[in-house]
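Here is how names work: the chains are called A, B, and so on, in the same order as the sequence lines, proteins then strands, and each is numbered from 1.
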2 protein chains.
Amino acid sequence: MPPLDFDSHKIEHLADLKSPQCRNCDIVREIAFCADLSHDEVKRLAAVRCHATLPASFTVFREGDLVDHVYSISNGAVKLYKLLPDGRRQIIGFLFSGDIFGLGTNDGYCYTAETITATQVCRFTHRKLDSLLDEIPRLERRMFNMAVKDLVAAQEQMLLLGRKTAREKVATFLVKLSMRAERAGQPGSPVALPMSRADIADYLGLTIETVSRTFTQLKRDNIIGLPDSGHCVLNDWQALKELAEGA
Amino acid sequence: MPPLDFDSHKIEHLADLKSPQCRNCDIVREIAFCADLSHDEVKRLAAVRCHATLPASFTVFREGDLVDHVYSISNGAVKLYKLLPDGRRQIIGFLFSGDIFGLGTNDGYCYTAETITATQVCRFTHRKLDSLLDEIPRLERRMFNMAVKDLVAAQEQMLLLGRKTAREKVATFLVKLSMRAERAGQPGSPVALPMSRADIADYLGLTIETVSRTFTQLKRDNIIGLPDSGHCVLNDWQALKELAEGA
DNA sequence: CGAGGCCTTGATCCCAGTCAAGTGTCGTGG
DNA sequence: CCACGACACTTGACTGGGATCAAGGCCTCG
């Protein structure tokens with residue numbers, strides 16, 4: 001919560017690593033937006049990036065801060081949010097391994113980024129990234145596609161926030177988390193809920209109490225199971241899916 | 001409303017126009033994403049585009065339709081929306097001159113696009129646009145920046161939908177419309193409201209009745225004036241701005 | 001063992017939704 | 001010219017889903 005400096009944490013210049021199996025490439029390849037680049041292109045990326053491990057609840061940057069870096073999550077979970085002056089909060093997104101954040105206009109970041117769990121990130125300065133984009137056209141295309149994907153997700157979230165009921169919102173949230181986990185090669189159920197009820201509430205446009213009540217209600221209906229507040233078993237995928245789609 | 005075919009309307013291949021002042025370039029230059037391209041680059045764009053005038057309430061494409069074209073608005077107004085099976089609707093955005101739409105993943109458009117007023121658009125096939133992007137790197141950069149801008153706007157809309165009150169939502173809507181009009185060189189007040197109350201409601205996550213009541217309430221407080229339902233005078237910009245920001 | 005989080009649950013309240021008229025405007029046809 | 005219906009918008013009365021207020025339970029950590 002206090003503005004710990006990013007650099008006060010373990011940051012390694014990848015160039016310093018000299019393991020025989022070219023660990024450089026293995027590690028950098030984890031970064032989503034260079035997943036299909038050539039060996040040489042990955043090397044150029046590696047030269048300009050920094051790696052760091054951040055503790056839980058660490059504020060990476062705040063809304064309005066000068067935009068200087070773009071971040072990529074190697075491991076962990078991050079939430080992005082916007083605040084109103086009186087403290088009302090809207091979480092814009094939960095990010096996990098492979099996601100990037102820190103894009104924005106030139107008048108400051110437009111959201112605050114905070115780790116949920118301990119998180120490994122790597123970062124690039126915007127300046128260096130820009131020159132890389134010029135050098136590697138495929139990288140630019142890839143960034144563009146990621147932005148479009150984010151935009152599509154944001155539009156679905158607008159439908160959720162504007163038109164879905166509490167029950168539908170929670171169902172949608174669980175369905176998407178589960179699908180995301182499967183895409184990452186993890187089981188779709190039980191799904192991990194690393195974020196707090198307050199975070200879920202601020203993501204779905206609800207209150208903590210309503211989120212909690214809705215979870216209990218879905219559990220009572222045997223649609224989900226809650227072994228503990230950090231995990232959720234999806235008992236009835238079909239019912240959840242239908243709820244999520246507003247049927 | 002009936003699925004009139006796009007091509008049943010006046011569509012002109014720009015290549016067919018041969019006016020002495022190179023109207024080609026003038027017209028194509030209106031297209032936002034090629035605003036700062038060279039003469040030669042504009043020519044290449046012109047060669048692959050189609051121009052059309054569409055009537056009001058014309059469905060350009062539906063959510064789920066095969067993605068084949070990208071559109072740019074020369075003149076007029078368009079709304080993009082998503083539907084739930086039971087008819088609940090969320091308007092994703094209102095677009096005006098200079099805006100583009102039709103980007104999406106390869107599994108169909110993710111929203112429906114419908115004209116509000118009579119609208120002039122030009123369109124490109126995705127296939128041709130892709131090859132253009134390869135030829136003109138600056139175009140790709142520009143498209144990327146537009147996607148990021150859209151993303152930032154979507155995130156602000158999430159804050160509105162999830163956390164603002166009806167009064168704050170309407171104030172935000174009016175402030176943004178006014179600023180948009182000024183950027184387009186039109187007066188910031190009175191601002192035109194070409195869309196219906198139903199459209200405004202579905203954009204702000206409210207009902208028609210609440211939108212109407214909120215307008216009357218703001219009018220009673222002398223914050224706005226409503227000469228007719230299609231125009232809004234912003235009497236107290238300061239008050240509106242503060243409302244919009246949730247102060 | 002006690003303090004402080006975080007989560008759940010219950011009781012009550014209120015903002016926005018729903019239902020139901022009523023008003024104004026426009027276009028059509030007698 | 002007016003009568004009429006269609007449609008969009010407004011207004012009023014009432015309802016209800018989720019917010020607010022208030023405990024209470026259950027961890028973890030010192």
When B/Arg88, B/Arg89, B/Lys79, B/Lys82 are each screened for side chain to side chain donor-acceptor pair (under 3.5 Å) with B/Asp202, the one that passes is B/Arg89
Drop me the distance from B/Ile92's CD1 to A/Leu151's CG, to the nearest 0.5 angstrom. 9.0 Å
What string of B, S and - do you get for nucleotides 12-30 of chain D, 5' to 3', if B is base contact, S is sugar-phosphate-only contact and - is no contact with any protein heavy atom under 4.0 Å? BB----SSBB---------
Got a sec, which residues hit side-chain contact (heavy atoms from CB on, under 4.5 Å) with B/Thr216, two or more places apart in sequence or on another chain? none
Please collect all ring-ring contact (aromatic ring centres under 6.0 Å, His included) contacts where either partner lies in residues 185-228 of chain B, sequence neighbours excluded, each pair once. B/Phe94-B/Tyr203, B/Phe173-B/Tyr203
Atom CD1 of B/Ile200 and atom C1' of D/dC9 are separated, to the nearest Å, by 11 Å
For a 4.5 angstrom cut-off between non-hydrogen side-chain atoms, does A/Ile223 reach A/Asn235? no
Find the distance B/Ile208:CD1 to C/dA21:P and express it as a whole number of Å. 18 Å
Is there a side-chain contact between B/Tyr81 and A/Leu159, using heavy atoms and a 4.5 Å cut-off? no
Would you indicate what A/Ser196 reaches in the nucleic acid, counting non-hydrogen atoms under 4.0 angstrom: base, sugar-phosphate, or nothing? sugar-phosphate
Could you tell me whether the side chain of A/Asp228 and the main chain of A/Gly230 form a donor-acceptor pair under 3.5 Å? yes
Close residues, residues 215-230 of chain A, relative to DNA chain C [heavy-atom separation under 4.0 Å]: A/Thr216, A/Ser229
In residues 82-91 of chain A, which ones come under 4.0 Å of DNA chain D, going by heavy atoms? none
Distance (rounded to the nearest 0.5 Å) between B/Leu103 CG and B/Met146 CE: 8.5 Å
Do the rings of B/Phe101 and B/Tyr71 sit parallel, tilted or perpendicular, given the 30° and 60° boundaries? parallel
A/Ile116 CD1 - C/dC6 P separation (whole Å): 13 Å
Taken in chain and number order and not counting sequence neighbours, the residues that satisfy salt bridge (charged side-chain N to carboxylate O under 4.0 Å, His left out) with B/Arg213 are none
